[in-house]
Each structure stands twice: as C-alpha cells, then as structure tokens.
Amino acid sequence: MDDPELKKELEELEAQIERLRRETAQMREEIGQSWDEPTDPAERATLLTNVEQQEALIEELELRREQILRRLRG
C-alpha cells in the first residue's frame with residue numbers, strides 16, 4: 001500500500017474507533033441506568049458481553065491504527 005491508501009485507511013479506522021467508543025459508552029450508560037430495574041439476568045449478561053466484544057474490537061482497530069502509523073513514519 002502506498003501512503004495515500006494508508007492515510008485513507010487510517011482515517012476510516014479513526015472514524016470507526018470513535019463511533020464504536022460512542023456506542024460502547026452509550027451501552028454502558030444504558031446498562032447502568034437500568035441496573036436497578038427488574039431485568040432478566042440473562043439479558044443483562046448478554047448486554048455486558050456485547051460491550052466487552054465491542055471493546056475488544058476497538059482494541060484490534062487501535063492495534064491496526066498503530067501499525068499504519070508506524071508504516072507511515074517508517
């Protein structure tokens with residue numbers, strides 16, 4: 001990949017990471033707000049699992065971002 005392609009991918013990754021962070025924060029907020037409400041424990045566990053999966057995806061995207069940045073610097 002050449003620099004313009006890497007920069008484009010980097011921009012897309014940045015946007016995706018930001019979107020996922022907002023979604024994850026919103027999910028955590030919703031879980032926190034509904035913590036005292038009568039909710040099925042299985043449903044709550046599913047929600048928490050979804051948050052954890054999103055956070056893992058964010059970590060993977062951040063690693064890819066770092067790889068691109070290293071290539072652009074190198």
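Residues: numbered from 1 along the sequence shown. Hydrogens, waters and symmetry mates are skipped; everything else that's a heavy atom, side chains included, is used.
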> Within the side chain of Glu5, is there an N or O that forms a donor-acceptor pair under 3.5 Å with the backbone of Asp2?
yes

> What's the spacing between Arg71 CZ and Glu9 CD if we round to 0.5 Å?
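One finds 8.5 Å between CZ of Arg71 and CD of Glu9.
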
> Can you tell me how far apart CG (Leu48) and CD (Gln53) are? Round to the nearest 0.5 Å.
11.5 Å

> Locate the shortest heavy-atom distance separating Ile68 from Leu6; write the atom from each residue and the value.
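Answer, listing the atom of Ile68 first, then Leu6: CG2-O, 3.6 Å.
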
> Run the salt-bridge test on Glu60 and Arg64 with the 4.0 Å N-O cut-off and return the result as yes or no.
no

> Do the side chains of Leu20 and Glu23 get nearer than 4.5 Å, heavy atoms only?
yes

> Apply the side chain to side chain contact (heavy atoms under 4.5 Å, CB included) test between Ile17 and each candidate in Glu14, Arg21, Arg19; give the one that qualifies.
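Among Glu14, Arg21, Arg19, the one that satisfies the side chain to side chain contact (heavy atoms under 4.5 Å, CB included) with Ile17 is Arg21.
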
> Sequence neighbours excluded, which residues qualify as side-chain hydrogen bond (donor to acceptor under 3.5 Å, both in side chains) partners of Gln16?
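Gln16 satisfies side-chain hydrogen bond (donor to acceptor under 3.5 Å, both in side chains) with no other residue.
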
> Starting at OG1 of Thr46, measure out to CZ of Arg44 and round the result to the nearest 0.5 Å.
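Thr46 atom OG1 to Arg44 atom CZ measures 11.0 Å (nearest 0.5 Å).
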
> Applying salt bridge (charged side-chain N to carboxylate O under 4.0 Å, His left out) to Glu12 and Lys8, what does each step give before you reach the verdict?
CA-CA 6 Å; Glu12 292 170 359; Lys8 183 175 180 353; 2.9 Å; yes

> Using the side-chain hydrogen bond (donor to acceptor under 3.5 Å, both in side chains) criterion, which residues pair with Glu55? Sequence neighbours excluded.
Arg28

> If you apply the rule salt bridge (charged side-chain N to carboxylate O under 4.0 Å, His left out), what do you find for Arg22 with Glu18, and how did you get there?
CA-CA 6 Å; Arg22 282 192 312 269; Glu18 184 59 34; 3.8 Å; yes

> Specify the closest pair of heavy atoms between Leu10 and Arg65, including all atoms of both residues, with the distance to one decimal.
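Scanning both residues completely, I find the closest heavy atoms to be CD1-CG, 3.3 Å.
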
> When you compare the side chain of Glu59 with that of Leu63, does any pair of heavy atoms fall below 4.5 Å?
no

